[in-house]
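In what follows, chains are A, B, ... by sequence order, proteins preceding strands, each numbered from 1.
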2 protein chains.
Amino acid sequence: MTTDNKRPLTLRDVSEATGVSEMTVSRVLRNRGDVSEKTRQKVLSAAKELGYVPNKIAGALASNRVNLVAVIIPSLSNMVFPEVLTGINSVLENTDLQPVVGVTDYQPEKEEKVLYEMLSWRPSGVIIAGLEHTEAARAMLNASGIPVVEVMDTDGKPVDAMVGISHRRAGREMAKAILKAGYRNIGFMGTKMPLDHRARKRFEGFTEALAKEGVEIMDRAFYSGGSALAKGREMTQEMLERSPELDFLYYSNDMIGAGGMLYLMDQKIDIPGQIGLAGFNGVELLQGLPRQLATMDACRLEIGRKAAEIIAAQLDNPDTEIEKHVTLTPTITFGDTLKRR
Amino acid sequence: MTTDNKRPLTLRDVSEATGVSEMTVSRVLRNRGDVSEKTRQKVLSAAKELGYVPNKIAGALASNRVNLVAVIIPSLSNMVFPEVLTGINSVLENTDLQPVVGVTDYQPEKEEKVLYEMLSWRPSGVIIAGLEHTEAARAMLNASGIPVVEVMDTDGKPVDAMVGISHRRAGREMAKAILKAGYRNIGFMGTKMPLDHRARKRFEGFTEALAKEGVEIMDRAFYSGGSALAKGREMTQEMLERSPELDFLYYSNDMIGAGGMLYLMDQKIDIPGQIGLAGFNGVELLQGLPRQLATMDACRLEIGRKAAEIIAAQLDNPDTEIEKHVTLTPTITFGDTLKRR
DNA sequence: GTGAAAGCGCTAACAG
DNA sequence: CTGTTAGCGCTTTCAC
């Protein structure tokens with residue numbers, strides 16, 4: 001503990017306090033090179049005593065190294081992304097890299113801005129959600145000269161590396177499972193988000209697989225904002241009033257799916273006999289609900305982990321041969337709301 | 001769009017491309033000082049063409065200014081903290097400040113480490129959750145010489161400024177409401193987190209207010225890990241089997257409270273007649289559940305906003321007289337699980 | 001309006 | 001093992 005200082009301390013202050021050269025102080029503080037145990041201790045205790053905190057700004061400029069990994073995601077309130085972050089963290093914790101998070105709110109222009117801001121700090125790598133970016137953003141990523149991993153989605157061409165699942169395939173698989181279970185009158189509910197490309201791709205894959213069997217979606221609805229659980233309720237009620245012949249409801253995420261499920265249970269509707277249900281994501285929350293909603297795991301943790309590993313490996317040795325296109329395979333959980341066949 | 005470069009571009013590159021001095025290029029790019037419209041355009045287009053991204057590291061070192069606000073929170077998976085972040089963001093968006101988030105996992109030593117890391121980037125301000133920190137962390141905050149706002153909790157003495165609610169009072173208020181409604185056999189369930197000081201303080205306030213009326217908690221249980229909703233179910237079942245005479249259950253957060261509620265509904269137990277329930281936080285999720293759980297809003301958005309305002313105001317003018325101790329008052333939502341009296 | 005010089009606090013590279 | 005020198009890429013300051 002020291003008295004409050006107006007000016008933050010510098011290496012020089014520690015150097016003067018110890019009589020050791022700045023350079024040696026720097027070596028001690030970074031654990032670099034050989035320093036005698038005696039001076040080591042002297043420096044360490046002085047630094048601690050003074051309350052010295054190194055200036056990474058200066059260090060980064062001098063060494064041309066910044067141990068930051070920029071992580072750019074659409075949202076923090078989705079639960080999906082914090083989990084990806086957790087995966088990233090779990091890997092980076094064992095390195096000297098640190099994640100720095102930027103949020104885009106699903107807006108391409110904001111993504112571009114956030115990316116620019118982050119790149120201006122010269123991070124060592126970038127992990128960014130999705131494959132769709134503005135022209136300028138893609139150009140920046142290309143020009144950055146650092147490892148770039150695009151995550152979540154593998155339906156497209158990455159700038160550099162990519163890790164994720166095929167959402168198109170995920171939609172198709174769910175459609176197949178639903179058809180196989182015998183449902184034919186299918187409704188869809190999702191977010192009104194033209195910019196959520198992954199939800200869009202799932203939807204496309206879904207309708208495509210239905211079409212292959214001559215089935216067409218009977219009703220659909222989109223929402224935006226509000227509590228997803230509450231929206232799921234409302235929309236489900238409305239849709240069933242509008243299209244009472246529906247026998248299956250596919251939701252673009254588990255939260256609205258859970259809302260729908262709770263509504264149907266209130267109405268004493270037989271699930272999955274009269275109506276089947278499925279969501280997407282495999283959120284942990286589902287486990288506490290009265291019934292388990294059918295869903296599909298998005299492999300979020302694994303995606304984060306893999307992405308971080310790719311960055312770390314490249315940084316460790318730029319010549320390492322690593323798999324740059326990693327496609328994970330989500331599995332269906334049938335739960336209690338989709339007949340198993 | 002340019003060809004890929006190994007070396008990132010510098011001001012000098014733009015300077016050479018335009019024939020304008022580095023200094024003037026810098027002025028244009030920062031919108032500082034007077035520059036003729038002609039050179040302005042020339043520089044701007046060249047910079048864009050080349051794909052120049054300024055190096056903030058160098059800029060920060062030279063100007064001794066970093067437009068970053070360090071935000072240090074215990075967790076991202078709690079939903080509470082992302083909301084505080086949203087509040088912070090909403091204010092900082094209108095300034096040139098940028099939040100940078102660090103996560104501590106409720107561990108004091110990790111908080112200390114994260115704080116050290118962040119301070120070493122010389123941010124312009126710090127927003128940190130809670131009032132309890134290690135000795136060293138407090139010393140760093142003191143020595144940093146930048147505005148510091150401790151958020152969430154106001155039961156204690158801040159290093160500099162603080163914004164939050166009194167969790168002790170929140171616990172007391174809820175206890176009073178419960179007693180007033182006529183419940184006497186009260187059980188408590190919460191997280192097994194000695195380090196979640198806010199949950200602890202709520203519990204203390206709660207028992208204290210009960211004690212004042214001669215009431216003692218009849219049963220209690222603590223959990224850790226797992227899906228909160230599922231845990232709420234399990235624990236509620238166990239507790240009621242153990243203590244069937246309970247007529248009220250107070251949960252330390254809404255998620256386990258919701259789990260408990262769903263369990264009781266499964267059991268066709270009369271809520272709030274036979275058993276009343278209450279949680280804490282006012283999470284949006286609750287709105288979609290079959291019944292609305294009684295809860296108390298933690299003012300998360302407002303806390304974030306106010307904290308960011310304090311930082312921004314201090315930075316804008318260090319001599320501004322501002323309120324450094326802001327205590328917000330949470331309100332009880334009775335919902336459908338706590339009798340109103 | 002524009003430019004030249006002098007650092008910001010640190011580390012790479014070398015010399016002892 | 002320790003110290004010296006020369007920048008990193010930018011901005012501040014001052015001169016023109």
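OP1 or OP2 of D:dT2 has at least one side-chain nitrogen or oxygen of A:Ser36 nearer than 4.0 Å. Side-chain N/O atoms of A:Thr24 include none lying less than 4.0 angstrom from OP1 or OP2 on D:dC1.
Atom-to-atom, CZ of B:Arg32 to C1' of D:dC14 comes out at 18 Å; the value is rounded to the nearest Å. A:Arg27 places its CZ atom 8 Å from the C1' atom of D:dC1, with the value rounded to the nearest Å. Counting to the nearest Å, the C1' atom of D:dT2 and the CD atom of A:Glu37 are 16 Å from each other. Distance B:Asp34 CG to C:dG3 C1': 15 Å, rounded to the nearest Å.
Here the side chain of A:Thr18 pairs a donor or acceptor atom with the backbone of A:Val14 at under 3.5 angstrom. Formation of a donor-acceptor pair under 3.5 Å by the B:Asn67 side chain with backbone atoms of B:Leu97 is not found in this model. In terms of modelled atom types and a separation under 3.5 Å, the side chain of A:Asp153 and the main chain of A:Asp155 share a donor-acceptor contact. Side-chain N or O atoms of A:Thr104 include one that pairs as donor or acceptor with a backbone N or O of A:Tyr106 at under 3.5 Å.
Under the 4.0 Å criterion applied to side-chain N and carboxylate O atoms, A:Asp34 and A:Arg40 are not assigned as salt-bridge partners. Salt-bridge annotation for A:Arg12 and A:Glu16: present, with a side-chain N of the basic residue lying under 4.0 Å from a carboxylate O of the acidic one. Using a cutoff of 4.0 Å between basic side-chain nitrogens and carboxylate oxygens, A:Glu93 and B:Lys110 are scored as salt-bridged.
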Letter per nucleotide, 5' to 3', of nucleotides 5-10 of chain D [B base touched, S only sugar-phosphate touched, - untouched; heavy atoms, 4.0 Å]: --BBBB

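Atom CD of B:Glu37 has more than 12 neighbouring heavy atoms from other residues, nucleotides or ligands inside a 6.0 Å radius.
Between its opening and closing five pairs, the helix from C:dG1-D:dC16 to C:dG16-D:dC1 changes axis direction by 30°, a value rounded to 10 degrees.
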